[in-house]
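Below you'll find the structure, written out as structure tokens, and then a few comments.
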Amino acid sequence: MIRPKHYKQRRSARIHLRAPLALLFGLCFALALDSTGILRVGLLCAALHESGHIFLYRLQWGHWPDLQFSPFGICLMLRGTNLNPQQELLLSAAGPAVNLVGCSAVLAWMQLSGHYSYMGYWFASTNLLVGGINLLPLPGLDGERILHSLTHWR
């Protein structure tokens, strides 16, 4: 791979923990009380959502992003990363797209195989919920970034 002269070798990705004790206590307490497994499905859908952002970031910039874990979720640390409107749109839409594809894939698999289950419906509906809520144009959600990128598109 030929790199430009201004290419600087980037350090590996860093993970930042915000309120780590609250995060670990909250997860342990919630998982201990989750006898139905619904919280585990929700955490899986949230992880799928963030993996969409992370892998698209990796494709666009060639390195893994820095991540921040907090009691409120996972956040990509984009400070200092210059995004044009097209990159911002793709990066913001990647998370909800993964959730919507996950929902569609599970529903299609259940339809084709004839194997219907509550857990499959929980997984599909939770993916739809996580992806749909993140499309709302509210501060801190992907919908706000998508709207911002569309208003600055040239």
Side-chain angles (χ1 to χ4, degrees), residues 1-106 119 122-154:
M1 175 183 215
I2 299 173
R3 295 188 172 113
K5 290 181 183 178
H6 65 277
Y7 178 81
K8 187 198 280 187
Q9 183 67 33
R10 187 177 188 283
R11 59 175 167 55
S12 61
R14 289 186 284 182
I15 295 178
H16 304 271
L17 294 175
R18 192 169 196 190
L21 291 177
L23 174 66
L24 292 175
F25 177 77
L27 274 175
C28 290
F29 185 72
L31 288 171
L33 296 177
D34 182 32
S35 61
T36 61
I38 293 171
L39 179 64
R40 290 174 185 93
V41 172
L43 289 172
L44 176 61
C45 294
L48 284 173
H49 178 89
E50 292 304 326
S51 71
H53 295 304
I54 291 167
F55 286 116
L56 189 69
Y57 185 96
R58 169 80 174 157
L59 284 174
Q60 285 185 340
W61 284 276
H63 56 83
W64 298 106
D66 292 342
L67 299 172
Q68 178 179 347
F69 289 80
S70 75
F72 301 107
I74 304 168
C75 182
L76 270 69
M77 309 223 10
L78 297 176
R79 289 192 181 106
T81 305
N82 294 325
L83 299 172
N84 63 39
Q86 294 86 357
Q87 290 171 326
E88 184 175 13
L89 176 66
L90 288 173
L91 189 60
S92 299
V98 168
N99 288 124
L100 297 177
V101 166
C103 172
S104 301
V106 166
M119 203 48 80
W122 274 112
F123 183 77
S125 60
T126 305
N127 264 309
L128 189 60
L129 186 65
V130 169
I133 286 176
N134 273 282
L135 286 174
L136 293 173
L138 299 173
L141 296 179
D142 297 326
E144 178 201 23
R145 295 188 65 107
I146 291 170
L147 185 62
H148 179 264
S149 65
L150 290 174
T151 57
H152 290 89
W153 193 288
R154 293 184 184 175

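Just so you know, residue 1 is the first one in the sequence shown, and it goes up from there. Just so it is clear, the model here is predicted, and its values are computed rather than measured.
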Heavy-atom pair of closest approach, residues [X] and [Y]:
| X | Y | answer |
| --- | --- | --- |
| W64 | F55 | CH2-CE2, 3.3 Å |
| R58 | H63 | NH1-CA, 3.3 Å |
| P85 | S149 | O-CB, 3.3 Å |
| D34 | R40 | O-NH1, 3.1 Å |
| M119 | T36 | CE-O, 3.6 Å |
| L48 | S51 | O-OG, 2.6 Å |

Between W61 and L83, is a side-chain contact (heavy atoms from CB on, under 4.5 Å) present by the stated rule, with each step listed? CA-CA 10 Å; W61 284 276; L83 299 172; 2.9 Å; yes
Is the closest side-chain heavy-atom distance between V98 and E50 below 4.5 Å? no
So V106 and N127, do their side chains get closer than 4.5 Å, heavy atoms only?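 In short, these two side chains do not touch, never coming nearer than 4.5 Å.
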Show which side-chain atoms of residues 128-143 pair as donor or acceptor with protein atoms under 3.5 Å away, not counting sequence neighbours.
residue, atom, partner, partner atom, Å
N134, ND2, V130, O, 2.9
D142, OD1, H53, NE2, 3.4
D142, OD2, H49, NE2, 2.9
D142, OD2, H53, NE2, 3.1

Do the side chain of [X] and the main chain of [Y] share a donor and acceptor less than 3.5 angstrom apart?
| X | Y | answer |
| --- | --- | --- |
| S92 | L89 | no |
| T126 | F123 | no |
| N99 | C45 | yes |

Would the number of heavy atoms belonging to other residues, nucleotides or ligands and lying under 6.0 Å from CZ of R18 be above 12?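 No, because the 6.0 Å sphere around CZ of R18 holds 12 heavy atoms or fewer from other groups.
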